[in-house]
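Inspection log for the structure reproduced underneath, given as structure tokens.
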Amino acid sequence: MKRTFFCILIMMFVLYGRSQSRPVLDSITRMSRPDHRDTIEIESSFPGGDKGWANFLSNTLVYPPKAIKKKIEGQVVAQFIIEKDGTLSDIEIISGPKELWPPVMDVLKQSPNWKPAVQNGKKVKSYKKQPFNFRLETK
């Protein structure tokens with residue numbers, strides 16, 4: 001079981017750097033300039049960085065026993081907003097095997113506050129897409 005979680009963590013750590021982040025524009029800005037996306041000076045991040053994220057996942061993410069029994073593997077992609085205060089909102093699963101969705105939702109709901117993104121010297125909301133890879137160990 002530990003080796004399974006270790007495999008998950010390694011995949012998460014590798015893919016964490018590939019997650020996407022962009023500012024969430026106010027509805028007025030979005031309506032007036034629909035194709036405009038401002039760049040973020042400092043992206044939002046989990047407290048403790050990649051190592052903190054890996055530790056949090058190893059202590060929190062659970063591979064569902066039913067999915068293990070059915071040998072269900074795959075990538076679950078979640079999207080969410082990191083608010084100015086670092087809390088997560090609008091958590092949504094956008095793809096992946098449905099049997100693996102509950103642990104991803106649970107881990108994101110249990111997440112401590114993140115460090116918010118900074119744009120023009122001010123904390124801003126940001127959008128993040130995060131992949132979660134579930135792989136069973138083969139012997």
Side-chain angles (χ1 to χ4, degrees):
M1 192 66 146
K2 285 187 178 185
R3 292 179 78 184
T4 301
F5 287 119
F6 180 74
C7 290
I8 292 170
L9 287 176
I10 294 298
M11 295 298 286
M12 291 296 303
F13 189 76
V14 169
L15 291 174
Y16 178 71
R18 296 182 185 161
S19 63
Q20 300 173 4
S21 182
R22 62 178 169 85
V24 176
L25 303 175
D26 294 332
S27 58
I28 295 170
T29 306
R30 196 177 302 131
M31 289 171 51
S32 63
R33 300 185 313 186
D35 296 325
H36 178 73
R37 289 189 183 160
D38 293 330
T39 58
I40 292 179
E41 294 168 1
I42 302 172
E43 288 195 29
S44 54
S45 62
F46 189 83
D50 292 343
K51 187 175 180 180
W53 180 243
N55 287 335
F56 175 71
L57 291 175
S58 69
N59 293 324
T60 312
L61 188 63
V62 177
Y63 208 131
K66 287 182 181 180
I68 293 171
K69 186 176 179 179
K70 293 180 180 180
K71 298 182 180 180
I72 297 171
E73 300 179 312
Q75 182 180 75
V76 175
V77 178
Q79 66 183 20
F80 50 93
I81 292 175
I82 301 162
E83 300 288 340
K84 292 178 186 180
D85 65 359
T87 57
L88 303 186
S89 67
D90 298 333
I91 300 168
E92 184 180 358
I93 305 297
I94 58 173
S95 68
K98 291 188 179 190
E99 296 85 354
L100 301 173
W101 290 15
V104 172
M105 287 297 288
D106 291 344
V107 79
L108 290 172
K109 288 179 180 177
Q110 295 175 40
S111 173
N113 289 358
W114 289 48
K115 293 178 185 174
V118 176
Q119 182 177 343
N120 299 324
K122 296 179 183 177
K123 294 178 182 178
V124 294
K125 290 181 180 183
S126 64
Y127 165 89
K128 178 112 25 208
K129 257 187 193 176
Q130 181 66 55
F132 293 80
N133 289 292
F134 291 83
R135 299 282 180 253
L136 295 169
E137 179 184 289
T138 56
K139 292 183 179 183

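Quick note: residue numbers are just sequence positions, from 1.
Rounding to the nearest 0.5 angstrom, the gap separating the CZ atom in F80 from the OG atom in S111 is 7.0 Å. Here S44 contributes atom OG and K128 contributes atom NZ; the two are 3.5 Å apart, rounded to the nearest 0.5 Å. Rounding to the nearest 0.5 angstrom, the gap separating the OG atom in S58 from the CH2 atom in W53 is 11.5 Å. Summarising the geometry, atom CG belonging to L136 is positioned 6.5 Å from atom CD1 belonging to I68; distances are rounded to the nearest 0.5 Å. Summarising the geometry, atom CD belonging to Q110 is positioned 12.0 Å from atom CG belonging to L88; distances are rounded to the nearest 0.5 Å. E41 CD to N120 CG: the interatomic distance, rounded to the nearest 0.5 Å, is 5.5 Å.
At least one side-chain heavy atom of E73 sits less than 4.5 Å from a side-chain heavy atom of Y63. In this structure the side chain of F56 never reaches within 4.5 angstrom of the side chain of P47, judged on heavy atoms. In this structure, W114 and T87 have side chains that are not in contact, with every pair of non-hydrogen atoms separated by 4.5 Å or more.
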Give every donor-acceptor pair under 3.5 Å between a side-chain atom in residues 91-107 and any protein atom, sequence neighbours left out.
| residue | atom | partner | partner atom | Å |
| --- | --- | --- | --- | --- |
| E92 | OE1 | Q79 | NE2 | 3.1 |
| W101 | NE1 | G96 | O | 2.9 |
| W101 | NE1 | P97 | O | 3.4 |

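Screening residues 78-90 for salt bridge (charged side-chain N to carboxylate O under 4.0 Å, His left out) gives E83-K125 as the qualifying pairs, with residues at least two apart or on separate chains.
Here the side chain of Q75 pairs no donor or acceptor atom with the backbone of N133 at under 3.5 angstrom.
Grouping the Ile, Leu, Val, Met, Phe, Trp and Tyr side chains by contacts below 4.5 angstrom, directly or via other members, places I82 apart from V118.
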